[in-house]
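Just so you know, residue 1 is the first one in the sequence shown, and it goes up from there.
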Amino acid sequence: MAFSVARTRDEAHLFLDLNPCEDCGSVDTAWESTLAEFGGEPAAGYAGVCEGCGARREFLFGVPERDTAPITFPSFGGPEPSQLLDAGEWLWVADLTAGDVPEDDPAAARRALAIAMAAVEEVVKFIPPGESEVPEHAFWSERGFVLRATDPGRFQLDRLLVIRDTYRDLLAAR
């Protein structure tokens, strides 16, 4: 396939939010999505105009071979690891989201904790069965490389499961 697969709409939109406009750095874009064909393969297209500078922005993603209709929010994908975000980016998303849980808005707090928990679950998907840590090849972004270099122990399976379970418990308590 010519493009990295966006397993779900939630994953595609997270990727778009993490990749600002190259011209001005804004992430504010009203995205329109379409299904397309590219090189004989189905693709999901996202296009919009940057609200910061007016630049046209476009992304094409491969589509999964099987239906990945979301069951709950957030739904980032099936059992396979992401092709769009590396393990470090997923943990960065979990850290950022869990670090900004609003205390005065229960619905927003539940949403933030659900995203943080799901993001940690995405990191775990990079760990091969029988292994105890995220392998080196699961990092390809600058953000991912930096986070791994800063604290490689955070990518140990046992630590990730403690973090995920903590977010799950906090979510259940709300």
Check your understanding: Is there a path from Phe145 to Leu91 through hydrophobic residues (I, L, V, M, F, W, Y) whose side chains come within less than 4.5 Å of each other?
Key -> yes

Point to revise | Nearest heavy-atom neighbours spanning Pro135 and Ile127 | key: CD-CA, 4.4 Å

Check your understanding: Tell me, which pairs form a salt bridge (charged side-chain N to carboxylate O under 4.0 Å, His left out) where one or both residues lie in residues 130-142, sequence neighbours left out?
Key -> none

Point to revise | Leu113-Val162 co-clustered via ILVMFWY side chain contacts under 4.5 Å | key: no

Study note, to complete from the structure: Those residues at least two apart in sequence (or on a different chain) that pass salt bridge (charged side-chain N to carboxylate O under 4.0 Å, His left out) with Glu58 are Arg56

Practice item. For residues 155-168, pull every pair meeting salt bridge (charged side-chain N to carboxylate O under 4.0 Å, His left out), keeping only residues two or more places apart or in separate chains. Key: Glu121-Arg168, Asp151-Arg159, Asp165-Arg168

Revision key, fill the gap. Of all heavy-atom pairs linking Val63 and Ala44, the shortest is CG1-N, 3.8 Å

Exercise for review: Mind listing the closest non-hydrogen atom pair of Gly144 and Phe139 along with its distance?
Suggested key: O-CD2, 3.6 Å

Enumerate donor-acceptor pairs with a distance under 3.5 Å from any side-chain N or O in residues 22-30 to protein atoms, sequence neighbours excluded.
residue : atom : partner : partner atom : Å
Ser26   : OG   : Asp28   : N            : 3.0
Thr29   : OG1  : Arg57   : NH1          : 3.1

Practice item. Evaluate whether atom CD of Glu32 has more than 12 neighbouring non-hydrogen atoms of other residues, nucleotides or ligands under 6.0 angstrom away. Key: no

Point to revise | side-chain contact (heavy atoms from CB on, under 4.5 Å) partners for Ala36, two or more places apart | key: none

Review point. Are Leu85 and Val146 grouped together when hydrophobic residues (ILVMFWY) are joined by side-chain heavy atoms under 4.5 angstrom apart?
Key: no

Exercise for review: Mind jotting down which residue pairs meet the ring-ring contact (aromatic ring centres under 6.0 Å, His included) criterion with at least one end in residues 11-35? Sequence neighbours excluded, please.
Suggested key: His13-Tyr46, Phe15-Phe59, Phe15-Phe61, Trp31-Phe59

Practice item. Indicate if Leu161 and Phe126 have the same hydrophobic cluster label, given that clusters are the connected sets of ILVMFWY residues with side-chain heavy-atom separations under 4.5 angstrom. Key: yes

Review point. Considering residues at least two apart in sequence or located in another chain, which fulfil the side-chain contact (heavy atoms from CB on, under 4.5 Å) criterion with Ala98?
Key: Ala116, Tyr167

Check your understanding: Which residues pass the salt bridge (charged side-chain N to carboxylate O under 4.0 Å, His left out) test with Glu122, sequence neighbours left out?
Key -> Arg7, Lys125

Point to revise | Contacts of type side-chain contact (heavy atoms from CB on, under 4.5 Å), residue Leu60, not counting sequence neighbours | key: Phe3, Phe38, Ala43

Study note, to complete from the structure: Rounded to the nearest 0.5 angstrom, the OG-CD distance for Ser82 and Glu11 is 3.5 Å

Revision key, fill the gap. For Asp86 and Ala138 the tightest heavy-atom approach is CB-O, 3.1 Å

Point to revise | Results of side-chain contact (heavy atoms from CB on, under 4.5 Å) for Pro74 - residues two or more places apart only | key: Asp10, Phe76, Ala114, Ile115, Ala118

Practice item. Mind jotting down which residue pairs meet the salt bridge (charged side-chain N to carboxylate O under 4.0 Å, His left out) criterion with at least one end in residues 91-103? Sequence neighbours excluded, please. Key: Asp95-Arg154, Glu103-Arg174

Review point. How many angstroms lie between atom CG of Leu14 and atom CD of Glu89, to the nearest 0.5 angstrom?
Key: 8.5 Å

Study note, to complete from the structure: In this structure, OG1 of Thr166 is separated from CG of Leu171 (nearest 0.5 Å) by 12.5 Å

Review point. With a 4.5 Å heavy-atom cut-off, do Leu160 and Val134 have their side chains touching?
Key: yes

Point to revise | Residue pairs fulfilling ring-ring contact (aromatic ring centres under 6.0 Å, His included) with at least one residue in residues 91-121, sequence neighbours excluded | key: none

Study note, to complete from the structure: On a heavy-atom basis, the closest approach of Val93 and Leu18 is CG2-CD1, 3.8 Å

